[in-house]
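Take a look at the structure set out below.
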Amino acid sequence: GLESIVAATDWTIENLVGTAAAADCVAFAALAPGRAPESGAEVQCRAVVSLWPQRISLELEVSHVSADVDMDDDDEQEIKTPAKRPKTALLSLPGCGLTGSCRAEGSPSSTAAAQDGTAGVAFQSIGLKLESAGFSVLKTAVAGDALQFQALAPSLVALQPGETVSGSITLSLQ
């Protein structure tokens with residue numbers, strides 16, 4: 001659901017490091033600013049990819065970074081003062097989550113139905129486990145030798161200025 005807010009070309013790699021917590025892990029973060037077309041809300045997105053020998057993790061954070069504003073009769077914006085009531089633009093994120101796919105030797109078996117992702121989904125025929133945190137609805141499908149997946153928020157996400165939503169997926173070899 002971020003395609004209309006952040007262009008694929010707007011992502012910038014923030015850093016590439018080995019993590020101190022796990023010597024066998026390499027991670028990088030990418031940042032992208034954006035603006036919601038319907039509300040004009042300013043957005044900051046951050047994706048962190050972490051790689052270990054037997055697993056990969058992707059975390060997504062989406063923050064509503066617009067300041068609270070007041071609109072007067074001339075449609076001029078002023079920074080919020082305590083004496084005024086703010087008219088804030090909600091950042092509405094339908095279908096907020098992560099989408100991906102991976103290829104596997106063998107035949108992954110999966111149903112296309114939505115599943116509760118809090119316990120993870122095992123694809124034992126290919127030795128892979130998909131886990132999700134924050135985005136608790138998992139949808140999976142198989143197309144040939146490709147396993148396709150979505151990890152989504154369970155409902156529409158609506159953020160006020162200063163709020164953030166985040167979630168992650170982890171693919172592990174079993």
Side-chain angles (χ1 to χ4, degrees), residues 1-16 19 21-22 24-34 36-38 41 43-65 90-160 163-174:
L2 293 177
E3 297 85 8
S4 66
I5 298 173
V6 176
T9 56
D10 289 345
W11 290 91
T12 303
I13 293 178
E14 176 184 31
N15 57 18
L16 174 62
T19 64
D24 61 345
C25 177
V26 175
F28 70 89
L31 295 174
E38 67 282 346
V43 179
Q44 182 69 38
C45 301
R46 182 173 189 250
V48 178
V49 178
S50 302
L51 302 167
W52 292 267
Q54 299 291 311
R55 103 183 151 229
I56 184 171
S57 176
L58 174 62
E59 180 180 354
L60 175 68
E61 294 176 356
V62 180
S63 299
H64 185 325
V65 295
L90 277 178
L91 174 59
S92 191
L93 300 169
C96 185
L98 298 164
T99 300
S101 66
C102 61
R103 296 210 179 279
E105 291 184 18
S107 299
S109 57
S110 170
T111 61
Q115 304 167 52
D116 178 3
T118 56
V121 177
F123 301 94
Q124 294 180 349
S125 64
I126 59 171
L128 186 69
K129 183 173 183 179
L130 172 63
E131 297 174 280
S132 174
F135 301 135
S136 62
V137 177
L138 282 178
K139 295 181 181 181
T140 59
V142 174
D145 64 349
L147 170 64
Q148 301 169 336
F149 54 87
Q150 285 187 311
L152 303 169
S155 61
L156 172 79
V157 174
L159 300 177
Q160 295 282 348
E163 293 182 329
T164 298
V165 63
S166 66
S168 65
I169 56 167
T170 301
L171 290 167
S172 304
L173 295 177
Q174 301 294 301

Can you find a pair of side-chain heavy atoms, one from Leu91 and one from Ile5, that are under 4.5 Å apart?
yes

Rounded at 0.5 Å granularity, tell me how far CD in Glu61 sits from CD in Gln44.
10.0 Å

Can you give me the closest heavy-atom contact between Leu58 and Ala47, atom names plus distance?
CD1-CB, 4.3 Å

At what distance, to the nearest 0.5 angstrom, does CG of Leu51 lie from CD1 of Ile56?
4.5 Å

CD/Gln174 to CG/Leu128 distance, rounded to the nearest 0.5 angstrom?
7.5 Å

Separation between CZ (Arg103) and CG (Leu147), nearest 0.5 Å, reads 11.0 Å

Does the pair Ser172 and Trp52 meet the rule for a side chain to side chain contact (heavy atoms under 4.5 Å, CB included), with working shown?
CA-CA 9 Å; Ser172 304; Trp52 292 267; over 6 Å; no

With side chain to side chain contact (heavy atoms under 4.5 Å, CB included) as the test, pick out the partner of Phe149 among Leu138, Leu171, Thr99.
Leu171

Taking all non-hydrogen atoms of both residues, which atom of Ala36 and which atom of Val43 are closest, and how far apart?
N-CG2, 4.4 Å

What closest approach, in Å, do Val6 and Cys45 show between heavy atoms, and which atom pair accounts for it?
CG2-SG, 3.7 Å

Can Gln160 and Leu90 be said to form a side chain to side chain contact (heavy atoms under 4.5 Å, CB included), step by step?
CA-CA 5 Å; Gln160 295 282 348; Leu90 277 178; 3.3 Å; yes

Euclidean distance, Leu93 CG relative to Leu152 CG, rounded to 0.5 Å
12.0 Å

Smallest separation among heavy atoms of Cys25 and Ser50, with atom names:
SG-CB, 3.9 Å

Could you report the tightest heavy-atom contact between Leu60 and Gly97, atom names first, then the distance?
CD2-O, 3.7 Å

Within 6.0 angstrom of Ile13 CD1, more than 12 heavy atoms from elsewhere
no

Nearest 0.5 Å, what's the OG-CZ distance between Ser166 and Phe135?
7.0 Å

